[in-house]
Amino acid sequence: MEFEKAFEPGTIETRWYDHWQRLGVFTARPESDRPAFCMVIPPPNVTGRLHMGHALNNTLQDILARWRRMKGEDVLWLPGTDHAGIATQMVVDRQIQSEGSSREALGREEFIKRVWRWKEEYGGAIIGQLKRLGCSCDWTRERFTMEPALSRAVREAFVRLHEAGLVYRDKFIVNWCPRCRTAISDLEVIPQETQGHLYTVRYPFAGGGGGIDVATTRPETMLGDTGVAVHPDDPRYRAMVGHRVVLPLAGREIPIVADAFVDKEFGTGAVKITPAHDANDFEAARRTGLPPLIVMDEQGRMNENVPARYRSLDRFEARRLVVEDLKAGGHLVGVQDHLHNVGRCQRCNTVIEPYLSTQWFVRVKHMADAAMGAVAEGRVRFTPPYWVNSYNEWMGKIHDWCISRQLWWGHQIPAWHCGTCAEIHVAREAPVVCGRCGGTVLKQDPDVLDTWFSSGLWPFSTLGWPEATADLARYYPTTVLVTGFDILFFWVARMIMMGLHLMPDVPFHRVYITGLVRDAEGQKMSKTRGNVIDPLDLIDRYGADALRFTLAAMATPGSDLPLAEERMVGYRAFANKIWNAARFVLMNRGDAGTGSAAPPLPARDRLSAGDRWILSRLSRLASTVDERLQEFRFDEMANALYQFLWHEYCDWYLEIAKPSLLPGADAADRERAQAVLLHVLESVLRLLHPVMPFLTEDLWQRLPHRGDTIALAPYPAPDPGLIDEAAEREIERVMEVVSRIRNIRAELNIDPGRRLPLLYRAGDLEAGRVIARNAATIAALARLESVEEAPDMTRLGPAARAVVPGLDLAVPLAGVLDLEAEKRRLLREIDKLSKEAEGHARKLGNADFIGKARPEAVDKARRIHQELQEKIGRLTATVESLRLG
RNA sequence: AGGCGCGUAGCUCAGGGGGAGAGCGCUACCUUGACACGGUAGAAGUCAGCGGUUCAAAUCCGCUCGCGCCUACCA
């Protein structure tokens, strides 16, 4: 196997992904006796392409899946796509229109065939993209929300909810999109602050003699007014209640009614009532008995219920003309600028029209209460927990859910209308005869269900529900759900409601809510801003591993992720660093035998302090990584791995081990060093595998290893037997000495290649032993020619000096040392330490601190202060000796 | 209008009652037998402001100011 000088991710990714698929690594084994771990993927739209949001939450899911799999659990990560009613219909619509035809010309049946054909041809591109990311989904269980089994689940759920009285059909005011020509739910309406006008219009009394002024932002809807409302306690209008006014332009007479919903302070305190085109008015009209009058068609054009002059006009043209006519007729009393919220269609941004129509609804109040209860009891836990507030707030004032859509692509509602007696039958299958009149002309309701209705069933419909399958028994409730807060209400809340009603238990126990991936400036990514970053492009340029590591490292719970490309550059460098570390470790092995068994770790008494140190650090890393993952702290997990690999393994341990590997080293020593290097590398690759699956697999395969794939190798567990605090202290001391000497070299501008002598005087026995034991290592790392004890440091010639706890260091530099520079350097150091010591001194001088603080805190402050004082003292003495000559 | 979150190094962010941290960037030096996608050393912060609790506050509480988000039927 070639071992290139730099890591080239592109060449290995598909190879290893294929390898995993061939081995069936991702396939769940419900028959196994291992504990089950299950996640369902938030199904991306079948029309979708992978965006940064997908990349983020699927990376996090994959980390969890790979981690649990390596821990020996039976992992099911169930993938699939969503049929995405409106989105998909729009895509195919456009395609047909570009051919000069139309959906209507094609007819419903043909159109649906076209959508399926489109799906087969172009749909699900995102699946391939998830694979490029490295997602370890169980592709043998891939689902699609429109496939027959899931359609059946949808019908079953609808019928059961209907039987329970939770699904009903009613004529109600809904959010209507005149462009999509369908009803949509409250959630699909995006309020947008808009600068509009508030028009004041005078409605004259039917009996003559003045009139009442009403204020409106949508004057065209007056053509549908069937009354005027005032507050019952409003003294200005109380006497007018019951009187009639003449509706300008239309000429109809309408009554003045009283209703407490009117805000006396707003506008004129009198409100025109348009029951068929305003949600509030609709409610008020119901209370006061005013009839609704629909004045627009489903495309937002004025219909036959308005005077001929306005008929067929688009609502905004009608608005213009109505205002013009009101002005001309002297009915317009005033116009003011007015800032208000206008609801727009989430899909097409068209201004939503509140519209009276017959729709299907889910009565959600009780389901919402149950769903809140499950969260309150901790049966479903959110991370971060503060999302519970939003969840409860929304659930608390939820309105019935409009689930019917006037689309063609989707689950057609399982309700059949009798052509004879108009009875509606809700049933799992089409009835043959009408149960009421015996009529045989039964027509299925043309509407389809809101896409989120089927998504709400996803955690169990995908496992086979309503069949009692083995998968359902084993994997429901699922373990964790990872998703974005943008679909907390659309999806998460509804899954909990549906799961609680249709299943014996909640759909998942944990919900991890990700932040939003933003651009480097913290702006939301959007096509209009032109700042969209394509994860596939990042994979091409930096590799899937670097992208995954970046996302994991930035995934701090509860905050958004501003994605700066420099960050990716940094983590690609990290991948390269690991690559080269492995290259070095293998390069120095004589046999370099791939697949051979790893050499056993030498017995403890044969290990060097450096060996014991890195093994101890490795064991701590294993604990940290596991703990961090338990808590969904992907960022801290990633940082711990980064820190260990780069700064402990590469910066220090490799350098410490190098002398043992170079030609001329003792054979036994070389063997020991190699064994430890390999052991630690192989272990940390396994720890890293969930985040960087491709790189780690590729390197692992080159290392001596056991098994076919790292993806099924055991996840390293912390080994308490390897924790070695003495070795950690020892190497820390070595590191400190080396750093001080490097500092001398750098600050005094001494040739980095020059070998220097080091003299030391030990203030305590242990420190002296440590230096003596590690003299060779220190010499190698600090580029020294000698390390010698000098009991008397006062009689040296010109030498650079440094102190570390328990040790005075001197680097004799006859003829090279700039005494002034050295003095400045030492004084700077003293100054820094003094500032630090000051704080502690103040604290220790405070009687209250001594008396009231925890004794450990006092001890610690004393120790630190003493240490600092001691260093300062020794440095000061050194400066003085410098002055002497 | 309510609710939530956030203001810590030039940038992006961790931390969360007792010695101010990371990555990137910056400065100086270094092509030393893995890596210049590299190494070594360094500079850099009144932890938004004000007040309170405490022996001790970047950290807990309150207020103020900024920024962001979510929810809501003010025509």
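So that the names make sense, note that chain A is the first sequence line, chain B the second, and so on, each numbered from 1.
Remark: the separation of the C1' atoms in G23(B) and G15(B) is 15 Å, to the nearest Å. Comparing the P positions of G3(B) and C63(B) gives a spacing of 11 Å, expressed to the nearest Å. Taking the P atom of each, A22(B) and G39(B) are spaced 15 Å apart, rounded to whole Å. Using atom P as the reference point in both G51(B) and G25(B), the two lie 40 Å apart (nearest Å). As rounded to the nearest Å, G49(B) and A58(B) have C1' atoms that lie 14 Å from one another. Taking atom P in both A57(B) and G18(B), one finds a spacing of 11 Å when rounded to whole Å. Look at the C1' atom in both C47(B) and G42(B): the space between them is 23 Å, to the nearest Å.
Checking N743(A) against R825(A) by side-chain atom types alone, a donor-acceptor pair falls below 3.5 Å. Side-chain polar atoms of S185(A) and E188(A) form a donor-acceptor pair below 3.5 angstrom. Between the side chains of Y203(A) and D225(A), a donor-acceptor pair is found at a separation under 3.5 Å.
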Please assess F489(A) against W394(A) for the test ring-ring contact (aromatic ring centres under 6.0 Å, His included), listing each intermediate value before the final yes or no.
CA-CA 8 Å; F489(A) 306 134; W394(A) 185 75; 4.7 Å; yes
Readout for nucleotides 67-75 of chain B: B = base within 4.0 Å of protein heavy atom, S = sugar-phosphate only, - = neither; 5' to 3' it is ---SSBBBB
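When heavy atoms are screened at a 4.0 angstrom cut-off, T274(A) is found touching no nucleic acid atom at all. Among the heavy atoms of the strands, none lies under 4.0 Å from L516(A). As judged by a 4.0 angstrom heavy-atom cut-off over every strand, R755(A) is placed among residues making no nucleic acid contact. At the heavy-atom level, R572(A) lies under 4.0 Å from base atoms of the strands shown. Counting non-hydrogen atoms under 4.0 angstrom, E8(A) reaches nothing in the nucleic acid.
Counting to the nearest Å, the C1' atom of A14(B) and the CZ atom of R633(A) are 7 Å from each other. Rounded to a whole Å, the CG atom of D651(A) is 10 Å from the C1' atom of U40(B). U32(B) atom P lies 14 Å from atom CG of L662(A), rounded to whole Å. In this structure, R745(A) places its CZ atom 12 Å from C1' of A41(B), rounding to the nearest Å. Atoms CG (L654(A)) and C1' (U32(B)) sit 15 Å apart, rounded to a whole Å. The CZ atom of R702(A) sits 13 Å away from the C1' atom of A34(B) (whole-angstrom rounding). Atom C1' of nucleotide U40(B) and atom CZ of R754(A) are separated by 18 Å, given to the nearest angstrom. The separation between E636(A) atom CD and G16(B) atom P is 8 Å, rounded to whole Å.
For an aromatic pair to be called close, the ring centres must be under 6.0 Å apart, and Y642(A) with Y571(A) satisfies this.
Proximity of N580(A) to the phosphate of C37(B): no side-chain N or O atom is located under 4.0 Å from OP1 or OP2. Remark: S559(A) is not in phosphate contact with C6(B), judged by side-chain N or O atoms under 4.0 Å from OP1 or OP2. At the phosphate of U32(B), neither OP1 nor OP2 sits under 4.0 Å from any side-chain N or O atom of K658(A).
Pair assignment for U71(B) gives A1(B), based on Watson-Crick or G-U wobble hydrogen-bonding distances that are each under 3.5 Å. Look at G38(B): its Watson-Crick or wobble partner, with both distances under 3.5 angstrom, is C30(B). Checking C60(B) for Watson-Crick or G-U wobble geometry (two distances, each under 3.5 Å) identifies G52(B) as its partner. With both pairing distances under 3.5 Å, G7(B) is matched to C65(B) as a Watson-Crick or G-U wobble pair. Nucleotide G17(B) forms a pair with no other nucleotide shown, judged by Watson-Crick or G-U wobble geometry with both contacts under 3.5 Å.
Annotation: cation-pi pair R344(A)/W176(A) absent, no NZ/CZ under 6.0 Å from the ring centroid and within 45° of its normal. Taking the ring centre of Y653(A) as origin, the terminal cationic atom of K658(A) falls outside the region bounded by 6.0 Å and 45° from the ring axis. A cation-pi arrangement, defined by a distance under 6.0 Å to the six-membered ring centre and an angle within 45 degrees of its axis, is absent between R628(A) and F634(A).
Each of A857(A) and A575(A) was assigned the nucleotide of RNA chain B with the nearest heavy atom; the assignment lying further toward the 5' end belongs to A857(A). If N743(A) and V569(A) are placed on RNA chain B by their nearest nucleotide, the residue sitting closer to the 5' end is V569(A).
The backbone N or O of F490(A) lies less than 3.5 Å from a partner atom in the side chain of R494(A), making a donor-acceptor pair.
Residues M525(A) and V517(A) form a side-chain contact, since some pair of their non-hydrogen atoms from C-beta on lies under 4.5 Å apart. Within the 4.5 Å cutoff, the side chain of D751(A) has no heavy atoms near those of the R745(A) side chain.
A salt bridge is absent between R863(A) and D859(A); no separation between the charged side-chain nitrogens and carboxylate oxygens falls under 4.0 Å.
Closest of all the heavy-atom pairs between A284(A) and F261(A) is CB-CE2, 3.4 Å.
No option in E353(A), H277(A), K272(A) other than K272(A) meets the side chain to side chain donor-acceptor pair (under 3.5 Å) test with T221(A).
Against RNA chain B, the stretch residues 844-853 of chain A makes heavy-atom approaches under 4.0 Å through N846(A), D848(A), F849(A), K852(A), A853(A).
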Distances under 3.5 Å between nitrogen or oxygen atoms of protein and nucleotides 22-31 of chain B:
from, atom 1, to, atom 2, distance (Å)
G23(B), OP1, H647(A), NE2, 3.3

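Side chain K577(A) to base C35(B): a donor-acceptor pair is found below 3.5 Å. Contact annotation: side chain of K5(A) to base of A36(B), donor-acceptor pair absent below 3.5 Å.
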